[in-house]
Amino acid sequence: MAENNFLMYKGKPIVRCGNEIYYGDMNDEFVVRFEILSYKKEGKIQVADKVSVLLLKSDTEIAMKDRIVKESTKESLFDALDLGFTWLERALKG
């Protein structure tokens with residue numbers, strides 16, 4: 001079996017693909033998807049300034065619209081990550 005070398009945060013994988021970031025273990029009931037919707041320039045770097053947050057059921061057999069448990073949009077990546085991590089933690093305890 002191949003070993004996955006994902007970046008881990010609080011014991012769960014966090015993976016970025018383009019403007020999407022997924023957090024959580026697909027073997028758990030829920031995961032979080034962050035989508036960077038727009039950027040702004042701060043100095044010489046691009047910073048996410050609008051980020052969609054979705055708490056999803058991890059079952060990929062279900063249609064995407066039916067997998068969405070919670071959704072929000074935040075004005076910074078930090079705020080989006082904070083919200084998503086909290087949602088996931090609560091959903092997995094619940």
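Because the structure is predicted, anything quoted here is derived from the model rather than measured.
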Trainee: Members other than V47 in its cluster, when Ile, Leu, Val, Met, Phe, Trp, Tyr link by side-chain heavy atoms under 4.5 Å?
Mentor: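 In the cluster with V47 are I45.
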Trainee: Quick one: CG on L56 to CD1 on I62, what's the gap to the nearest 0.5 Å?
Mentor: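 CD1 of I62 is found 10.5 Å from CG of L56.
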Trainee: For residues 17-24, dump all side-chain donor-acceptor pairs below 3.5 Å to protein atoms at least two apart in sequence or in another chain.
Mentor:
unit_1 : atom_1 : unit_2 : atom_2 : d
N19    : OD1    : Y39    : OH     : 2.6
E20    : OE1    : Y22    : OH     : 3.1
Y23    : OH     : Y9     : O      : 2.9

Trainee: Applying side chain to side chain donor-acceptor pair (under 3.5 Å), can you list everything that pairs with K74, at least two apart in sequence or on another chain?
Mentor: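 Testing K74 for side chain to side chain donor-acceptor pair (under 3.5 Å), a comparison that skips the adjacent residues, returns none.
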Trainee: Please name the pair of heavy atoms, one in V32 and one in G84, separated by the smallest distance, quoted to 0.1 Å.
Mentor: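 Nearest heavy atoms, V32 then G84: CG2-O, 3.3 Å.
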Trainee: Would a hydrophobic clustering, with Ile, Leu, Val, Met, Phe, Trp and Tyr connected at side-chain separations under 4.5 Å, put V69 with V51?
Mentor: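 Yes; tracing contacts between hydrophobic side chains, which count when under 4.5 Å, links both residues.
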Trainee: Are L81 and F6 connected into the same hydrophobic cluster when the rule is that any two of I, L, V, M, F, W, Y join if their side-chain heavy atoms are below 4.5 Å apart?
Mentor: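 No, separate clusters.
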Trainee: Suppose we screen for side-chain contact (heavy atoms from CB on, under 4.5 Å). Which residues come up paired with N27, at least two apart in sequence or across chains?
Mentor: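 Listed in chain order: D25.
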Trainee: Can you name the residues that form a side chain to side chain donor-acceptor pair (under 3.5 Å) with E35, not counting sequence neighbours?
Mentor: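 With neighbours one apart ignored, the set is R33.
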Trainee: Are M8 and F34 connected into the same hydrophobic cluster when the rule is that any two of I, L, V, M, F, W, Y join if their side-chain heavy atoms are below 4.5 Å apart?
Mentor: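 Not linked; separate clusters.
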Trainee: Does the pair Q46 and I36 meet the rule for a side chain to side chain contact (heavy atoms under 4.5 Å, CB included), with working shown?
Mentor: CA-CA 11 Å; Q46 296 280 354; I36 301 170; over 6 Å; no
Trainee: Under the rule for salt bridge (charged side-chain N to carboxylate O under 4.0 Å, His left out), what residues qualify as partners of D79, not counting sequence neighbours?
Mentor: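 Partners of D79 under the salt bridge (charged side-chain N to carboxylate O under 4.0 Å, His left out) test: none.
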Trainee: Could you tell me the separation between the CZ atom of R67 and the CG atom of L55, rounded to the nearest 0.5 Å?
Mentor: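 Output value for this atom pair is 10.5 Å.
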Trainee: Test: side-chain hydrogen bond (donor to acceptor under 3.5 Å, both in side chains). Region: residues 82-94. Which pairs qualify, not counting sequence neighbours?
Mentor: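 Residue pairs passing side-chain hydrogen bond (donor to acceptor under 3.5 Å, both in side chains), neighbours aside: none found.
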Trainee: What distance do L88 atom CG and F30 atom CZ have between them, rounded to the nearest 0.5 Å?
Mentor: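 One finds 9.0 Å between CG of L88 and CZ of F30.
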Trainee: Does anything in residues 39-65 form a salt bridge (Lys or Arg N to Asp or Glu O under 4.0 Å)? List the pairs, not counting sequence neighbours.
Mentor: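 Qualifying pairs, neighbours excluded: K40-E42.
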Trainee: Going hydrophobic residue to hydrophobic residue with side-chain gaps under 4.5 angstrom, can you get from L77 over to F85?
Mentor: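 Cluster IDs for L77 and F85 match.
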Trainee: Is V53 close to K70 at the side-chain level, that is, under 4.5 Å between some pair of heavy atoms?
Mentor: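 Not in contact.
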Trainee: Using every non-hydrogen atom in the two residues, find where V31 and S58 come nearest and quote the distance to one decimal.
Mentor: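 Heavy-atom minimum between the residues: CG1-CB, 4.2 Å.
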